Q: 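Quick one: the structure is below, and I'll ask about it shortly.
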Amino acid sequence: MTTDLPDLRYPIGQPTLPTEPLAQGARIAYVAQLALLSDQLRAAVTGLSPAQLDTPYRPGGWTVRQVVHHLPDSHLNSFVRFKLALTEDNPTISPYDEQAWAELPDTAVTKPAVSLALLEALHIRWTTLLRQLTEAQWQRTFYHPSSQRTFTLDQALVLYAWHGQHHVAHITELRRREQW
């Protein structure tokens with residue numbers, strides 16, 4: 001039996017990571033996605049009431065507020081992973097419990113504007129770094145013990161460009177469904 005119902009967990013589908021080095025044009029496009037993310041996220045939450053911010057994007061999913069705070073948490077971890085990969089040989093990165101972070105008390109009481117500003121500043125730093133990398137640096141790696149896999153920085157770029165778009169779509173699709 002097939003269903004036409006959308007998968008609310010993955011509104012833009014799952015990421016496809018490259019197996020070969022990215023072409024320079026593709027890298028530029030992915031970095032541009034990161035550069036635009038804070039504006040896209042800000043637009044997605046503009047005008048939402050506190051009750052709407054506390055609405056889950058899907059049954060059993062995070063609230064919009066949790067998603068807004070999750071993005072800088074996650075992307076800050078990724079920024080550090082990039083720096084580790086650029087300064088160490090295939091470092092083993094430290095995973096973190098995303099669900100536990102989303103449930104920490106600061107998530108409920110911090111205004112979304114704080115995380116929007118953090119994401120904007122972080123992405124300015126991160127994209128500035130990314131635009132300076134050499135071809136060889138893009139092929140540097142880190143090991144993720146939770147997934148038990150090694151990622152190149154090219155692959156991590158694709159993953160985090162997708163990640164930002166994925167979470168913005170959670171919010172925009174919820175707004176569309178609820179007609180907010």
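Remember, it's a predicted structure, so these values are computed and weren't measured experimentally. Scope of the values below: all heavy atoms of this structure, side chains included, with no hydrogens, waters or symmetry mates.
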Q: Testing the 3.5 Å rule here: is there a donor-acceptor pair between the side chains of Trp162 and Gln14?
A: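 There is no such pair between these side chains.
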Q: So, Arg27 and Gln24: side-chain donor and acceptor under 3.5 Å apart, yes or no?
A: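 There is such a pair between these side chains.
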Q: For Asp97, I'd like to know if atom CG has over 12 heavy atoms of other residues, nucleotides or ligands within 6.0 Å.
A: yes
Q: Is it the case that more than 12 heavy atoms not belonging to Phe82 sit under 6.0 Å from its CZ atom?
A: yes
Q: Using a 3.5 Å distance criterion without hydrogens, assess whether the side chain of His170 forms a donor-acceptor pair with backbone atoms of Trp62.
A: no
Q: Mark yes or no: Arg149 above the aromatic ring of Phe151, with NZ or CZ under 6.0 Å from the six-membered ring centre and no more than 45 degrees from the axis.
A: yes
Q: Between Gln155 (side chain) and Pro18 (backbone), is there a donor-acceptor pair under 3.5 Å?
A: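 Yes, Gln155 side chain to Pro18 backbone: donor-acceptor pair under 3.5 Å.
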Q: Answer yes if the side chains of His70 and His163 hold a donor-acceptor pair under 3.5 Å, and no otherwise.
A: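 Side chains of His70 and His163: pair found under 3.5 Å.
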Q: If we ignore angles and hydrogens, is there a donor and acceptor under 3.5 Å between the side chains of Ser38 and His123?
A: no
Q: Is Gln66 reaching over with its side chain to a backbone N or O of Thr63, donor-acceptor style, under 3.5 angstrom?
A: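 Yes; at least one donor-acceptor contact below 3.5 Å.
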Q: Counting distance only, does the side-chain N/O of Asp154 pair as donor-acceptor with the main-chain N or O of Pro21 below 3.5 Å?
A: no
Q: What I want to check is whether the side chains of Gln165 and Gln40 have a donor and an acceptor closer together than 3.5 Å.
A: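 Note: Gln165 and Gln40 side chains meet the donor-acceptor criterion.
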Q: Keeping to residues at least two apart or across chains, list the salt bridge (Lys or Arg N to Asp or Glu O under 4.0 Å) pairs with something in residues 45-72.
A: Asp54-Arg65
